[in-house]
Amino acid sequence: MPDQTPPTVTESAMRGLACKCPRCGKGKLYAGFLTLRPNCTACGLDYAFIDAGDGPAIFIIMIAGAIVVGCALVVEIKYQPPYWLHAVLWLPLILATTLLPLRAMKSLLIALQFHHKAAEGRLIGREPE
């Protein structure tokens, strides 16, 4: 699509959060919960370049951990509930803070990877000095 202007970082981020194609913003990115489609149904972009790795999971783990541990500490210090009540309170919060934002975080990192043309590092051949 050479006739279109490249999207801004904000547009790319919004496409990522919407789980849409990083190039056109129209086609869906996922075929399943976290399974990527082979290509975009709207513009035909091949998704073979995508390699989000463990980045999305690490961000989510750090954010969710801070939220859940902070809440658990406040509740423990103020009320000192029994351990079974901690399990009842925090297991649903852990599931909500990790599983719900995971798709959006993965597609956000994919969109930013596409926007910045990120690729695997390569060694540059240099002549000996």
Side-chain angles (χ1 to χ4, degrees):
M1 295 182 153
D3 57 333
Q4 289 185 347
T5 59
T8 64
V9 175
T10 306
E11 289 172 338
S12 292
M14 295 309 291
R15 289 175 182 178
L17 291 174
C19 300
K20 299 293 183 181
C21 172
R23 181 166 66 184
C24 69
K26 295 178 182 144
K28 292 183 179 180
L29 191 61
Y30 294 109
F33 181 65
L34 290 175
T35 307
L36 295 172
R37 293 181 182 274
N39 55 21
C40 177
T41 55
C43 70
L45 175 65
D46 185 17
Y47 293 154
F49 73 91
I50 295 174
D51 182 22
D54 292 333
I58 296 299
F59 282 120
I60 296 298
I61 288 169
M62 295 297 171
I63 294 167
I67 292 169
V68 173
V69 169
C71 291
L73 285 174
V74 168
V75 168
E76 177 62 30
I77 290 170
K78 284 188 86 165
Y79 305 109
Q80 299 175 348
Y83 290 127
W84 66 267
L85 188 57
H86 275 293
V88 169
L89 288 174
W90 309 125
L91 285 177
L93 184 62
I94 290 168
L95 291 174
T97 58
T98 55
L99 294 178
L100 293 178
L102 190 56
R103 276 175 60 106
M105 180 62 77
K106 182 175 180 178
S107 59
L108 173 64
L109 291 181
I110 289 168
L112 292 176
Q113 176 185 6
F114 179 80
H115 178 80
H116 293 291
K117 298 174 180 63
E120 186 176 336
R122 293 178 186 84
L123 295 175
I124 299 173
R126 299 180 186 213
E127 294 186 26
E129 295 179 12

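Note that the structure is a prediction, hence the values are computed from the model and not measured.
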Q) Closest approach of Ala64 and Thr98, non-hydrogen atoms and distance? A) CB-CG2, 3.8 Å
Q: Using a cut-off of 6.0 Å, state whether more than 12 heavy atoms not belonging to Phe59 lie near its atom CZ.
A: no
Q) Closest approach of Ile110 and Ala52, non-hydrogen atoms and distance? A) CG1-CB, 4.2 Å
Q. Do Arg15 and Pro7 have side chains that get closer than 4.5 Å, going by heavy atoms?
A. yes
Q) What distance separates Thr10 OG1 from His115 NE2, expressed to the nearest 0.5 Å? A) 8.5 Å
Q) Is the shortest heavy-atom distance from the side chain of Leu36 to the side chain of Tyr30 under 4.5 Å? A) yes
Q) If you measure from CE on Met14 to NZ on Lys20, what distance do you get to the nearest 0.5 Å? A) 12.5 Å
Q) Taking atom CE of Met105 and atom CD1 of Ile63, what is their separation to the nearest 0.5 Å? A) 4.5 Å
Q. Can you name the one residue among Leu91, Thr97, Leu95 that meets side chain to side chain contact (heavy atoms under 4.5 Å, CB included) with Leu93?
A. Thr97
Q. Roughly how far, to the nearest 0.5 Å, is the CG atom of Asp46 from the CG atom of Asn39?
A. 6.5 Å
Q: Identify, with sequence neighbours excluded, every residue that meets ring-ring contact (aromatic ring centres under 6.0 Å, His included) alongside Phe49.
A: Phe114
Q: Give, for atom CZ of Arg37 and atom SG of Cys21, the distance between the pair rounded to the nearest 0.5 Å.
A: 11.0 Å
Q.
With a 6.0 Å cut-off (strictly less than), is the heavy-atom count around CG of Asp54, excluding the residue itself, greater than 12?
A. no
For residues 65-89, which side-chain N or O atoms pair as donor and acceptor with protein atoms under 3.5 Å away, sequence neighbours left out?
| from | atom 1 | to | atom 2 | distance (Å) |
| --- | --- | --- | --- | --- |
| Glu76 | OE1 | His86 | NE2 | 2.6 |
| His86 | ND1 | Trp90 | NE1 | 2.9 |

Q: Using a 4.5 Å cut-off on heavy atoms from C-beta on, say whether the side chain of Leu102 contacts that of Lys106.
A: no
Q) Is any side-chain heavy atom of Leu29 less than 4.5 Å from a side-chain heavy atom of Pro22? A) yes
Q) Looking only at heavy atoms, what is the nearest atom pair of Gly44 and Arg23, with distance? A) C-NH2, 4.0 Å
